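What follows is one structure encoded as structure tokens, with my remarks underneath.
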Amino acid sequence: QVQLVESGGGLVQAGGSLRLSCAASGRTFSSYTKAWFRQAPGKEREFVAAISRSTGSTFYADSVKGRFTISRDNAKNTVYLQMSSLKPADTALYYCAGGYSDYTQTSRYQYGYWGQGTQVTVSS
């Protein structure tokens, strides 16, 4: 089993930056793909970014490409999401996820491990 705990959310002005963290415990950290999803009120949970379990290759949703960066620290069992040039449209509850599919999989149903979420609010 895997436990994921997100932190780092908050209120930021448009154009600002935030870094989310996801601390993992349980199964070997390097054995599964890690990803970030987000869900705005009244909307479906959507893929944001993922990082492969082996090579560290990354994959992003078009809406965040060039603004967000996913990374991992295997020694700390932590995955990060650095968010820059934030927009009000980025406002959502951000979830950390883990799974055993390829890192280019964007469906939430490919991920079996989830954190509780951390709120990001971007004001205009």
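None of the values given here were measured: they were computed from a predicted structure.
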For the hydrophobic clusters of this structure (ILVMFWY residues joined by side-chain heavy atoms under 4.5 Å, transitively), does one cluster hold both [X] and [Y]?
X	Y	result
Y113	F47	no
F59	F68	no
Y103	Y60	no
L4	I51	yes

Does K34 count as lying over the ring of Y32, i.e. NZ or CZ under 6.0 Å from the six-ring centre, within 45 degrees of the axis? yes
Under 6.0 Å from the ring centre and within 45 degrees of the ring axis: does the NZ or CZ of R108 meet both conditions for the six-membered ring of F37? no
If you take all heavy atoms of [X] and [Y], which pair is closest and at what distance?
X	Y	value
S21	T78	CB-CG2, 4.3 Å
R72	N74	CD-OD1, 3.6 Å
V79	W36	O-CZ2, 3.8 Å
V120	G9	CG2-CA, 4.2 Å
R27	V2	CB-CG2, 3.7 Å
S123	L11	CB-CD1, 4.3 Å

Main-chain N/O of S57 paired to S52 side chain as donor or acceptor, under 3.5 Å: yes
Does Q116 offer a backbone N or O that forms a donor-acceptor pair with the side chain of E6 under 3.5 Å? yes
To the closest 0.5 Å, what do you measure between [atom1] ([X]) and [atom2] ([Y])?
X	Y	atom1	atom2	result
L81	S71	CG	OG	8.5 Å
T33	Y111	OG1	OH	5.5 Å
Y95	Q39	OH	CD	5.5 Å

Do the side chains of [Y] and [X] get nearer than 4.5 Å, heavy atoms only?
X	Y	answer
D73	Y80	yes
T121	V12	no
R38	E46	yes
Q119	Y94	no
L20	Q82	no

Classify the side-chain pair S101/Q110 by whether it contains a donor and acceptor separated by less than 3.5 Å. yes
Tell me yes or no: between the side chains of T28 and S30, is some donor less than 3.5 Å from an acceptor? no
Hey, is CD on E44 packed in by over 12 heavy atoms from elsewhere, all under 6.0 Å? no
Report the C-alpha distance between D62 and K65 in whole Å, list the side-chain angles of each, state the deciding distance to 0.1 Å, and finish with yes or no for salt bridge (Lys or Arg N to Asp or Glu O under 4.0 Å). CA-CA 5 Å; D62 287 343; K65 201 172 294 183; 3.1 Å; yes
Who pairs with S25 by side-chain contact (heavy atoms from CB on, under 4.5 Å), at least two apart in sequence or on another chain? Q3
Partner set under side-chain contact (heavy atoms from CB on, under 4.5 Å) for S85, not counting sequence neighbours: R67
Contact list for residues 39-124, test disulfide bond (SG atoms under 2.5 Å apart), sequence neighbours left out: C22-C96
